[in-house]
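Below is one structure; the comments refer to it alone.
Computed from a predicted model, the values in this text were never measured in an experiment. The residues of the chain are indexed from 1 along the displayed sequence.
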Amino acid sequence: MRMFASYATLAASVLTLVRAAPAVDPRVLSVPPQLNPYPTQPRITFRPDGTLKLTVFSDLHYGENAWDVWGPQQDVNSTRLMKRVLHDEQPDFVVLNGDLITGENTFKENSTIYINEIVSSLNEVKVPFCSTYGNHDNNPNITHLAEYLREKEIAPHSYTRMMASGGEYGPGTYWVPIYAHPFDFAPALILWLFDSRAGNTAGANSVPVPDWVDDSVATWIEQETQLMDSVWGPPENTRGAVAFVHIPPYAIQQVWENLNSTINPGLDADTLGQGSTQATTNPASLGNDQKFWDSLNTNVKNLHAVISGHDHGMEWCAREPTKNVIFCFDKHSGYGGYSSPGWDHGVRNILFTSPDPGDGPLSWIRLENGTTRAQVKLDKDYP
């Protein structure tokens with residue numbers, strides 16, 4: 001322990017530390033609680049060099065075929081992938097983008113125990129993270145709410161929150177602020193997380209859950225962005241955004257039909273049809289995600305991309321022309337869930353080179369073995 005020869009030396013040392021510390025914007029104290037959703041947790045910030053790396057795991061599908069030898073081995077493989085990727089990539093923040101568990105293959109007495117397995121890799125490296133939930137996370141023996149509650153019990157670095165009006169099957173709609181510096185007044189980036197629900201209700205008399213983001217979320221987005229703008233100011237030159245939702249919006253089906261492998265590199269091995277995008281499992285529901293899609297693109301400014309999983313054979317990005325927004329698929333991360341030879345397993349990385357919302361991030365697919373592919377820049381010049 002360092003000792004000081006005199007009070008004068010001590011005072012000088014303290015003054016030096018104070019001068020070296022980042023300036024605290026006094027307006028921070030006036031931010032309403034609604035815009036300070038993590039008062040007891042460290043702020044997520046860009047690195048001192050102005051960069052930020054997000055790593056997205058999607059469709060982990062733990063609990064597949066829980067009753068035989070093959071199923072648990074896939075969980076071992078998925079954990080191996082998570083540990084290797086986290087070690088190699090050193091992300092600043094992780095997003096788990098839905099279908100954490102294959103709920104229909106689990107038993108009620110141990111269904112949420114798979115959250116322990118998933119979170120253990122994140123806890124081990126103390127990386128902050130948040131989750132969305134997918135259709136396989138709602139089933140007779142598991143619900144989105146049950147997974148959320150288990151995560152909050154065991155994951156000190158979790159930034160997942162619950163939307164009060166989301167109910168048992170769709171509570172995972174919220175946002176996470178990311179700041180350029182620890183003591184800034186306003187964030188430089190907002191991560192928007194949306195619960196696309198789907199799957200089936202719990203219990204013996206299980207019935208389908210609607211497979212789109214609930215209509216109430218459209219109004220919620222408008223209210224949240226209005227509050228942000230009134231307190232933090234207009235976002236145009238100060239605040240970027242990325243949105244995550246497990247099931248792709250229905251509008252992406254039309255985008256898929258017009259892909260160009262040069263402009264839209266990456267695996268395109270799945271078919272988008274019934275059940276592949278929101279509000280399509282039941283043909284009578286077609287278009288029910290439109291209120292969400294309209295509100296997201298109207299109210300969230302500087303939206304770098306909307307990112308989904310769900311369709312395991314996809315990993316491309318493309319611009320959705322009706323909203324002029326970039327959409328990207330994740331990479332199927334888990335060894336559970338459907339797959340085919342050559343599809344591989346990995347993650348989507350998103351690298352911000354600056355907190356400036358005008359600087360679009362780079363994004364690419366990284367496979368478990370370290371191979372990378374399908375890099376694009378998510379900016380205004382992306383075709």
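Put simply, the side chain of Val31 does not reach to within 4.5 Å of the side chain of Arg27, judged on heavy atoms. Within the 4.5 Å cutoff, the side chain of Leu86 has heavy atoms near those of the Ser121 side chain. Pro249 places a side-chain heavy atom less than 4.5 Å from the side chain of Phe327. Inter-residue side-chain proximity for Gln226 and Glu222 is flagged as met; some heavy-atom pair is nearer than 4.5 Å. Counting heavy atoms from C-beta on, the side chains of Val176 and Ile190 never come closer than 4.5 Å. Taking the side chain as every heavy atom from C-beta outward, Tyr174 and Pro37 never approach each other to under 4.5 Å. Considering only heavy atoms from C-beta on, Val300 comes within 4.5 Å of Thr225 through its side chain. In this structure, the side chains of Pro265 and Trp364 stay at 4.5 Å or more apart for every pair of heavy atoms.
Residues Ala198 and Asn135 approach most closely at CB-CB, 3.5 Å, considering heavy atoms. Taking both residues in full, the closest heavy atoms of Leu303 and Ala243 are given as CD1-N, 3.8 Å, listed atom of the first, atom of the second, then distance. Looking at every heavy atom in both residues, Asn97 comes nearest to Ser58 through O-OG, 3.5 Å. Scanning all heavy atoms of the two residues, the minimum distance from Asp75 to Glu64 falls at OD1-N, 4.4 Å. Nearest approach of His144 to Gly134, heavy atoms of both residues: NE2-O, 2.8 Å. Contact detail for Pro357 and Asn237: the closest heavy-atom pair is CG-C, 3.6 Å.
With hydrogens and angles disregarded, a donor-acceptor distance shorter than 3.5 Å links the side chain of Ser276 to the backbone of Gly273. Although no hydrogens or angles enter the test, the distance criterion places no donor-acceptor pair under 3.5 Å between the side chain of Gln41 and the main chain of Tyr159. Side-chain N or O atoms of Asp270 include one that pairs as donor or acceptor with a backbone N or O of Gly313 at under 3.5 Å. Checked by atom type and distance alone, the side chain of Lys53 never pairs as donor or acceptor with a backbone atom of Gln90 at under 3.5 Å. Looking only at distances, no side-chain donor or acceptor of Asp99 sits under 3.5 Å from a matching main-chain atom of Thr102. The main-chain N or O of Ala186 is never found under 3.5 Å from a side-chain atom of Asp184 such that the two would form a donor-acceptor pair. Under a 3.5 Å cut-off, the side chain of Asn138 and the backbone N or O of Tyr169 do form a donor-acceptor pair. Listed for the Arg348 side chain is no donor-acceptor partner under 3.5 Å among the backbone atoms of Lys331. One N or O on the side chain of Thr201 and one on the backbone of Val207 form a donor-acceptor pair closer than 3.5 Å. In this structure, Thr160 contributes its side chain and Ser131 its backbone to a donor-acceptor pair below 3.5 Å.
Classified by interplanar angle (parallel below 30°, tilted 30° to 60°, perpendicular above 60°), the ring pair Trp192/Phe194 is parallel. In this pair, His61 and His332 present their aromatic rings perpendicular. The plane angle is above 60°, beyond the 30 to 60° band. The aromatic rings of His246 and His310 stand perpendicular to each other, their planes meeting at an angle above 60°, with 30° marking the opposite boundary.
Under a hydrophobic clustering in which Ile, Leu, Val, Met, Phe, Trp and Tyr are joined whenever their side-chain heavy atoms come within less than 4.5 Å, directly or via other members, Val127 and Val85 fall into the same cluster. When hydrophobic clusters are built by joining Ile, Leu, Val, Met, Phe, Trp and Tyr residues whose side-chain heavy atoms come closer than 4.5 Å, directly or via intermediates, Leu362 is not grouped with Ile350. Hydrophobic clustering of Ile, Leu, Val, Met, Phe, Trp and Tyr side chains at less than 4.5 Å, counting indirect connections, unites Ile118 with Ile154. Neither Val242 nor Trp175 shares a network with the other; the hydrophobic side chains, linked directly or stepwise wherever heavy atoms of I, L, V, M, F, W or Y lie under 4.5 Å apart, form separate groups for each. Both Ile307 and Ile178 sit in one connected hydrophobic cluster of ILVMFWY residues. Membership requires side-chain heavy atoms under 4.5 Å apart, directly or through other members.
A salt bridge does not link Arg150 with Glu147: none of the charged nitrogens is closer than 4.0 Å to a carboxylate oxygen. Of the charged side-chain nitrogens involved, none lies within less than 4.0 Å of a carboxylate oxygen, so that Arg47 and Asp49 do not count as a salt-bridged pair.
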(request) Please step through side-chain contact (heavy atoms from CB on, under 4.5 Å) for the pair Tyr382 and Asn264, ending with a clear verdict. (result) CA-CA 10 Å; Tyr382 184 75; Asn264 316 115; 3.3 Å; yes
(request) Apply side-chain contact (heavy atoms from CB on, under 4.5 Å) to Ile115 and Ile101, showing your working. (result) CA-CA 8 Å; Ile115 295 296; Ile101 295 174; 3.9 Å; yes
(request) Applying side-chain contact (heavy atoms from CB on, under 4.5 Å), run through Ile142 and Tyr114 and close with a yes or a no. (result) CA-CA 11 Å; Ile142 192 74; Tyr114 295 105; over 6 Å; no
(request) Go through the steps for Lys323 and Asp294 under the test salt bridge (Lys or Arg N to Asp or Glu O under 4.0 Å), then give the verdict. (result) CA-CA 8 Å; Lys323 303 297 185 185; Asp294 288 345; 2.7 Å; yes
(request) Please test Trp293 against Tyr250 for side-chain contact (heavy atoms from CB on, under 4.5 Å), starting from the C-alpha separation and ending with a verdict. (result) CA-CA 9 Å; Trp293 189 235; Tyr250 174 67; over 6 Å; no
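Among residue pairs with one or both ends in residues 236-258, those qualifying as salt bridge (Lys or Arg N to Asp or Glu O under 4.0 Å) are Asp229-Arg239; sequence neighbours excluded.
None of Val347, Val94, Asp330 except one satisfies the side-chain contact (heavy atoms from CB on, under 4.5 Å) rule with Val56; the exception is Asp330.
Thr281 meets the side-chain hydrogen bond (donor to acceptor under 3.5 Å, both in side chains) test with Asp211; sequence neighbours excluded.
Here Ser363 contributes atom OG and Phe352 contributes atom CZ; the two are 9.0 Å apart, rounded to the nearest 0.5 Å. Between atom SG of residue Cys317 and atom CG of residue Leu378 there is a gap of 5.5 Å, rounded to the nearest 0.5 Å. Atoms OG and CD, from Ser216 and Gln223 in turn, are 10.0 Å apart once rounded to the nearest 0.5 Å. The structure places CD1 of Ile326 at 10.0 Å from NZ of Lys377, a figure rounded to the nearest 0.5 Å. If you take CG on Leu189 and OG1 on Thr45, they are separated by 12.0 Å, rounding to the nearest 0.5 Å. The CG atom of Leu351 sits 9.5 Å away from the OG1 atom of Thr55 when rounded to the nearest 0.5 Å.
Ring centroid separation for the pair Phe185 and Phe183 does not come in under the 6.0 Å cut-off.
In summary, the side chains of Asn105 and Trp67 do not present any donor paired with an acceptor at a separation below 3.5 Å, with no hydrogens or angles considered. Under 3.5 Å, the side chains of Tyr62 and Thr79 contain a donor-acceptor pair of N or O atoms.
Counted within 6.0 Å of CG on Asn205, heavy atoms from surrounding residues, nucleotides or ligands total 12 or fewer; the atom is thus considered open.
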